[in-house]
Amino acid sequence: MKIICSGSDLSDAVGKVIKAVSGRSTNPVLEGIKLKAEQGTLTLTATDLELAIEKSIVADVKIEGETVVPGRLFSEFVRKLNKEQIELSIADGNQLKIRYMQSEGVLQCLPAEEYPEIKQLNDAQSFFIIKNEFKDLVNKVAFSVSSDESRPILKGVLLEIDDVSVTGVALDGYRLAKCVKPIEKTTAMMSAIVPARCITEIARLLEDSSDPVQISLQRNYMLVDLVHTKITSRLLDGDFINYKQIIPASFDTTVTVPKEQFESGLERAMLLARSEKNNLVRFDVKENVMQLSSTSEAGNITEKIPVKVTGMDIAISFNARYYAELLKFVQSEYIVIKFTNSSSPCVVVPTDSPEDFIYLILPVRMI
């Protein structure tokens, strides 16, 4: 193999695929990036067997060939060469020679034959969605997945596709996030559970754009094809929790609260709550005032926020971190919090998109 390419293009490509390189693996080849040169193109591939990213760049291919370079080292090396023309060539068996200006470096490589084949999706079902819409959906739900290894199915985001929309759902046993986005078209009604890490990386690789992207599903895999970049993810196998049964159908108390004031008040109340195991903040709703209070050995904090209340007074406590993480993704001026009683989950809805995004939080039982 011998090619000449732009250092800027190579650095950008390595920066994308490195996200799929395995950090710690019993198989050394998974810690590498596969380079394949053919027909005027250099294709870089990385995978940890759950997520795979392929990126192709234009190259002057003198001699076709392929090899596997050490991923982290190669990434750090080419990152410092993004303004140079670079020549890559295989020398002395499994050594990659990197020439730039009057200098050169040599990296020990592994045989490309040892690298796993990336799953090719043929005759897959697919749907089309605006890139910005998909990024927003992922951002609004993926943070709510579980980190519990004993419940691996909850470490994924459920995607449900019908003929007009895609619904994303994530939950961890204490909270649930659901977001619905319109789609351009689909070839079938289908569903999939995508590992949160994979779907988050996919969203990061999508540029901010109102152009549609094609997302394909086939058996245990999902593919996002961005022309010069392909991202393939394994899907989680199993039955997702019936989330529709978790969302309450009716509520006794509805509170409309200014988002900015609520967020700042909650942050101050959490200063003491953070010292406790469950970040406990108590909500007391009465006479168009929401009082947030927290107590620890260091003292106590009380915040009062004017709100609009419909229904009964209520006193209820929550792990405030769940609210704080939600509010990062809410852009509306007001949010609506719907309560049933002090032991039932509440539902949070931004006022500007009541059908697009809802968030459910279980309370902490008050003693």
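Here the side chains of E87 and K62 are not in contact, with every heavy-atom distance at 4.5 Å or above.
Between K34 and E54 there is no salt bridge, since no side-chain nitrogen of the basic residue lies less than 4.0 Å from a carboxylate oxygen of the acidic one. We find that R282 and D284 are joined by a salt bridge, their nearest charged nitrogen and carboxylate oxygen being less than 4.0 Å apart.
Counting all heavy atoms, side chain and backbone alike, V21 lies closest to G32 at CG2-O, 4.1 Å. Here the closest non-hydrogen pair linking M312 and T253 is O-OG1, 2.7 Å.
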* Residues T187, Q125; criterion side-chain hydrogen bond (donor to acceptor under 3.5 Å, both in side chains); working and verdict -> CA-CA 6 Å; T187 61; Q125 302 293 339; 2.7 Å; yes
* Asked: Going through the checks in order, is the ring pair (Phe, Tyr, Trp, His ring centres under 6.0 Å) test met by F262 and Y323?
  -> CA-CA 10 Å; F262 177 55; Y323 273 98; 5.6 Å; yes
* Test side-chain contact (heavy atoms from CB on, under 4.5 Å) on I53 and L205 and set out the steps. => CA-CA 10 Å; I53 303 175; L205 288 170; 3.8 Å; yes
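Ring centroid separation for the pair F251 and F339 does not come in under the 6.0 Å cut-off.
Among R197, K19, R234, the single residue meeting the side chain to side chain donor-acceptor pair (under 3.5 Å) criterion with D48 is R197. Of the listed residues (M270, E263, R268), just one forms a side-chain contact (heavy atoms from CB on, under 4.5 Å) with L266, and that residue is M270.
Cation-pi geometry between K185 and F128 is met: the NZ or CZ atom falls under 6.0 Å from the ring centre, inside 45° of the normal.
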